[in-house]
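Everything below concerns the one structure shown next.
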Amino acid sequence: MSTRIAFLKGHGTQNDFVIVPDPENALDLPAAAVAALCDRRAGIGGDGLLHVVRSAAHPEAREMAAEAEWFMDYRNSDGSVAEMCGNGVRVFARYLQRAGHVEAGDLAIATRGGVKRAHLDKDGDVTVGMGRARLPEGEVTVSVDGRTWPARNVDMGNPHAVAFVDDLAHAGELLAPPPVAPAGTYPDGVNVEFVVDRGPRHVAMRVHERGSGETRSCGTGACAVAVAAARRDGADPEVTGEASTYTVDVPGGRLMITEYPGGEIEMTGPAVIVAEGEMDEEWLRAAGL
């Protein structure tokens with residue numbers, strides 16, 4: 001690779017990302033190179049990578065090109081491919097605005113979890129339509145340091161196990177994935193959320209993200225938590241006929257999650273571009289790019 005590669009750095013409630021603009025999908029991004037870019041000491045550093053590609057130029061997104069011009073090719077910090085990232089969608093939308101590809105207002109973004117609708121507010125927040133949650137059947141438990149809790153199985157296009165605990169410290173260090181039973185429930189891994197109550201329809205969470213470890217925020221996780229809390233609290237919009245809104249505090253800030261009758265979920269929160277630059281050519285060669 002003899003050409004320098006541009007990058008940006010952004011975050012949504014401190015869930016941070018390396019952003020690599022590549023409209024024509026010209027870059028090969030092997031897992032090892034993504035992990036090198038996301039390394040916080042030897043690379044740029046991030047919880048994941050947002051590869052910005054025109055949908056028509058990517059084989060996984062071509063069928064969505066008529067509906068969404070841009071595809072969020074999302075990678076976890078270990079280089080593995082992921083279906084969706086809620087905070088990532090907000091930062092992706094903010095990048096598109098900064099680059100002049102879109103203006104404030106509504107836009108569609110293609111992801112492996114389907115086309116997501118976003119709205120860029122003039123006050124700086126971004127609202128993302130996260131689709132519907134699925135609640136797979138079956139009992140699930142999560143364990144940390146000898147404690148075990150029942151967990152709600154919630155699928156937001158990616159899998160989540162949501163456990164309500166008395167103290168967020170009970171989640172431990174979250175350096176390794178918390179054991180989930182029964183074994184084999186999540187063959188491709190799972191995001192695990194630990195949740196405490198802060199007030200009426202107000203919760204706080206910590207999360208171990210599959211492929212990234214503990215992160216400062218997880219958008220799909222916050223949605224999964226709000227869905228699980230609504231079912232626990234008897235606030236299921238399908239039953240009550242009324243929208244259910246939860247405030248979800250994450251270590252990096254606050255997200256507002258609303259679920260509507262019919263199942264549609266919206267997430268609102270900040271999205272910030274922090275910096276932009278070019279990767280060094282010698283470092284790129286060493287990283288395998």
Side-chain angles (χ1 to χ4, degrees), residues 12-13 15 83-90 93 106 108-109 111 113-121 123-140 142 149-166 168 171 190-207 209 215-271:
T13 49
N15 198 187
E83 303 91 339
M84 241 293 285
C85 175
N87 287 319
V89 171
R90 296 202 322 278
D106 298 328
I109 296 170
T111 77
V115 175
K116 304 301 178 185
R117 307 289 172 181
H119 181 82
L120 289 150
D121 299 332
D123 65 2
D125 280 350
V126 181
T127 298
V128 176
M130 300 292 287
R132 294 174 170 83
R134 291 194 307 108
L135 301 171
E137 297 291 336
E139 296 183 359
V140 178
V142 174
W149 303 270
R152 188 73 189 241
N153 191 351
V154 182
D155 192 308
M156 286 298 307
N158 56 357
H160 297 267
V162 180
F164 292 91
V165 298
D166 295 327
L168 289 179
V190 63
N191 306 285
V192 181
E193 287 81 25
F194 297 87
V195 188
V196 297
D197 290 299
R198 292 289 189 235
R201 301 203 181 186
H202 183 183
V203 297
M205 61 175 266
R206 289 177 63 195
V207 58
E209 283 199 65
T215 60
R216 300 284 293 171
S217 181
C218 175
T220 57
C223 293
V225 164
V227 167
R231 279 26 175 207
R232 181 201 62 172
D233 297 341
D236 180 353
E238 284 296 293
V239 176
T240 66
E242 298 179 352
S244 171
T245 298
Y246 276 77
T247 300
V248 182
D249 291 340
V250 296
R254 175 170 288 179
L255 296 166
M256 303 298 294
I257 312 297
T258 299
E259 184 181 10
Y260 295 93
E264 287 294 327
I265 298 171
E266 287 186 346
M267 172 184 63
T268 299

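These values consider heavy atoms only, across backbone and side chains, with no hydrogens, waters or symmetry-generated copies. Model, not experiment: these values are computed from the prediction.
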- Query: NE2/His202 to CE/Met256 distance, rounded to the nearest 0.5 angstrom?
  - Reply: 8.5 Å
- Set of side-chain contact (heavy atoms from CB on, under 4.5 Å) partners for Val239, sequence neighbours left out: Asp236
- Note on the structure: By side-chain contact (heavy atoms from CB on, under 4.5 Å), Asp125 pairs with (sequence neighbours left out) Asp121, Asp123, Thr268, Pro270
- Task: Sort and list the pairs that fulfil salt bridge (charged side-chain N to carboxylate O under 4.0 Å, His left out) and have at least one residue in residues 215-230, not counting sequence neighbours.
- Result: none
- Of all residues at least two apart in sequence or in a different chain, which pass the side-chain contact (heavy atoms from CB on, under 4.5 Å) check with Thr258? Ala243, Thr245, Tyr260
- Can you tell me how far the CE atom of Met130 sits from the CD atom of Glu266, to the nearest 0.5 Å? 11.0 Å
- Residue pairs involving residues 240-250 (criterion salt bridge (charged side-chain N to carboxylate O under 4.0 Å, His left out); sequence neighbours excluded): Asp249-Arg254
- Rounded distance [0.5 Å steps], CE in Met156 versus SG in Cys218: 10.0 Å
- Item | All side-chain hydrogen bond (donor to acceptor under 3.5 Å, both in side chains) counterparts of Thr111, not counting sequence neighbours | none
- Can you tell me how far the CG atom of Asn87 sits from the CD atom of Glu209, to the nearest 0.5 Å? 7.5 Å
- Task: List for me each residue that meets side-chain contact (heavy atoms from CB on, under 4.5 Å) alongside Arg134, sequence neighbours excluded, and say none if there are none.
- Result: Pro136, Asp155
- Query: With sequence neighbours excluded, what pairs up with Asn158 under the side-chain hydrogen bond (donor to acceptor under 3.5 Å, both in side chains) test?
  - Reply: His160, Thr220
- Query: Just by distance, do the side chain of Arg90 and the backbone of Ala118 share a donor-acceptor pair under 3.5 Å?
  - Reply: no
- Could you pull out the closest heavy-atom pair between Val142 and Ala151, with the gap in Å? CG2-CB, 3.6 Å
Could you give the side-chain donor-acceptor pairs of residues 221-231 under 3.5 Å, partners two or more places apart or in another chain?
unit_1: Arg231; atom_1: NH1; unit_2: Glu259; atom_2: OE1; d: 2.7
unit_1: Arg231; atom_1: NH1; unit_2: Glu259; atom_2: OE2; d: 3.3
unit_1: Arg231; atom_1: NH2; unit_2: Glu259; atom_2: OE2; d: 2.9

- For Glu83, salt bridge (charged side-chain N to carboxylate O under 4.0 Å, His left out) partners two or more places apart: Arg210
- Message: Quick check: closest heavy atoms across Ser244 and Ala235, and the distance to 0.1 Å?
- Response: CB-O, 3.5 Å
- If you take all heavy atoms of Ala93 and Val126, which pair is closest and at what distance? CB-CG1, 4.3 Å
- Message: Using the salt bridge (charged side-chain N to carboxylate O under 4.0 Å, His left out) criterion, which residues pair with Arg198? Sequence neighbours excluded.
- Response: none
- Closest heavy-atom contact between Trp149 and Phe194? CZ3-CE2, 3.9 Å
- Query: If you measure from CG on Leu255 to CG on Asn15, what distance do you get to the nearest 0.5 Å?
  - Reply: 9.5 Å
- Quick one: OG1 on Thr240 to CG on Asp233, what's the gap to the nearest 0.5 Å? 11.5 Å
- Task: Please name all residues satisfying ring pair (Phe, Tyr, Trp, His ring centres under 6.0 Å) with Tyr246, sequence neighbours left out, ordered by chain then number.
- Result: none
- Message: Between Arg206 and Glu193, does any NZ, NE, NH1 or NH2 come within less than 4.0 Å of an OD or OE carboxylate oxygen?
- Response: no
- Message: For a side-chain contact (heavy atoms from CB on, under 4.5 Å) check, start with the C-alpha distance between Val115 and Arg117, then their side-chain angles and the critical distance, and finish with the verdict.
- Response: CA-CA 7 Å; Val115 175; Arg117 307 289 172 181; 4.2 Å; yes
